[in-house]
Amino acid sequence: MPEGHTIHALAGRLNRAFAQEQVRASSPQGRFAGGAQILDRRVLVEAGAWGKNLFVEFDGDVWLHVHLGLIGVFPVVPLPVDLRGLDPSELPTSGAVRLRIAGHGHVADLRGPMTCALVAPGEIAALTGRLGPDPLRPDADPDLGWAKVSRSARPVAELLMDQAVVAGVGNVYRCEVLFRHRVDPMRPGKEIRRSTWRAIWDDLVRLLPLGVIYHQILTMDDQIEAAEAEIAAGEALRHTADLTGERLGDHFERRFFLYKRTGEPCLVCGSKVRAKPLAGRTLYWCGRCQRRR
DNA sequence: TAGTGATGGCTAA
DNA sequence: TAGCCCTCACTAC
């Protein structure tokens, strides 16, 4: 289920649960037994995210790279009091746990990741160097994305999904943000105006943090404004303060302009929402609102 | 209860 | 282009 906001939220949960703590690591499934052995009893220094990639630093300059892919999950849950102090191998396991990280008060089980590997510090730079700017990172430079968009004949909907152009955008955000700016998803990158690109980028910088805070993709204006008002009032904290990954239920009603609304009326013009595969995923768009102008 | 598709993206062919 | 990772929410029966 991960777009970039999910991974940034996950990094935050890992930090709240384990940062600066010596942890136990194991691989109940066995497929990461060697790596887990190297991580075991190290201090988890800090977790961070770049787009959909999670990087976790352990003492001794040992780095873990995780990519959840489409089906991976990595819930961080508090340990029930009666299970604390047990050897992590004695904790109950559900599913194929590639990597278990256990601390004094929490346990995190990684299941179904696309990537789970130890990487040398130098490889981190190589990995992030292949990624485009991440709107969730304060040092992100949107011009790096623009340089690729403005030279490409590929459809903008395909470019937005390309992690080398923008890191962290997935199928929901690409469909919704293109609609929010009434951009024809099939328009070639080089025909996009710089001001349009900048507006899309600024919108991502606004929307993705809401996704991190609420663990929910928000793209409808009324919900965005309600979320921002809660944050400004300090009320959003109660949704995030104790978040360790348990499913809390959606804080906002789950609704989008287009996503998974094939054939239903566009919320702006009433014409039918269209869908077709693009860049390996289902693109949703409104043929009238997003007509090329 | 069983089947399906997905908020990814790599590798092999 | 298909396979894979092998989860999870949702649907049809």
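Bear in mind that the values here come from a model prediction, so they are computed numbers and not experimental data. In what follows, every heavy atom counts, from backbone to side chain, and hydrogens, waters and symmetry copies are set aside. Each chain gets a letter, A, B and so on, in the order the sequences are listed, and its residues count up from 1.
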For atom P, what is the distance between B:dG5 and C:dA2, given to the nearest Å? 14 Å

Is the phosphate of B:dG9 approached by A:Gln163 (side-chain N or O, under 4.0 Å from OP1 or OP2)? yes

Cation-aromatic face contact A:Arg182/A:Phe179, 6.0 Å, 45 degrees: yes

Could I get the full list of salt bridge (charged side-chain N to carboxylate O under 4.0 Å, His left out) partners for A:Glu228, not counting sequence neighbours? A:Arg206

Please table the atom pairs, donor to acceptor, closer than 3.5 Å between any side-chain atom in residues 264-283 of chain A and protein atoms at least two apart or in another chain.
{"unit_1": "A:Glu264", "atom_1": "OE1", "unit_2": "A:Arg261", "atom_2": "NE", "d": "3.2"}

Pairs satisfying salt bridge (charged side-chain N to carboxylate O under 4.0 Å, His left out), at least one member in residues 151-168 of chain A, at least two apart: A:Arg154-A:Glu158, A:Arg154-A:Asp162

Determine the interatomic distance between P on C:dG3 and the same-named atom on B:dT4; round to the nearest Å. 15 Å

Residues in salt bridge (charged side-chain N to carboxylate O under 4.0 Å, His left out) with A:Arg255, at least two apart? A:Asp222, A:Glu253

By salt bridge (charged side-chain N to carboxylate O under 4.0 Å, His left out) - contacts of A:Arg100 (at least two apart): A:Asp109

Table of protein N/O atoms under 3.5 Å from nucleotides 11-13 of chain B N/O atoms:
none

Looking for any heavy atom pair under 4.0 Å, which part of the strands does A:Leu68 touch: base, sugar-phosphate only, or nothing? nothing

Distance check needed: C:dA9 P versus A:Arg111 CZ, whole Å only. 10 Å

Under 3.5 Å between N/O atoms: give me all the protein pairs with nucleotides 3-6 of chain B, atom names plus distance.
{"unit_1": "B:dA6", "atom_1": "O3'", "unit_2": "A:Tyr259", "atom_2": "OH", "d": "3.4"}

Does a side-chain N or O from A:His67 land closer than 4.0 Å to OP1 or OP2 of B:dG8, or not? no

Members of residues 121-141 of chain A that approach DNA chain B, where some heavy atom sits under 4.0 Å away: none

Please set out all donor-acceptor pairs under 3.5 angstrom arising from side-chain atoms of residues 111-133 of chain A, sequence neighbours excluded.
{"unit_1": "A:Glu123", "atom_1": "OE2", "unit_2": "A:Ala120", "atom_2": "N", "d": "3.0"}
{"unit_1": "A:Thr128", "atom_1": "OG1", "unit_2": "A:Ile124", "atom_2": "O", "d": "3.1"}
{"unit_1": "A:Thr128", "atom_1": "OG1", "unit_2": "A:Ala125", "atom_2": "O", "d": "3.3"}

Over all strands shown, is A:Arg174 touching base, sugar-phosphate only, or nothing at heavy-atom distances under 4.0 angstrom? nothing

Under 4.0 Å, counting only non-hydrogen atoms across every strand here, what does A:Gln29 touch: a base, just sugar-phosphate, or nothing? sugar-phosphate

Mind checking what makes salt bridge (charged side-chain N to carboxylate O under 4.0 Å, His left out) contact with A:Arg31, not counting sequence neighbours? none

Residues in side-chain hydrogen bond (donor to acceptor under 3.5 Å, both in side chains) contact with A:His65, at least two apart in sequence or another chain: A:Asn53

In a table with atom names and distances, give each donor-acceptor pair under 3.5 Å that connects a side chain of residues 73-84 of chain A to protein atoms at least two apart or in another chain.
{"unit_1": "A:Arg84", "atom_1": "NE", "unit_2": "A:Leu79", "atom_2": "O", "d": "3.0"}
{"unit_1": "A:Arg84", "atom_1": "NH2", "unit_2": "A:Leu79", "atom_2": "O", "d": "3.1"}

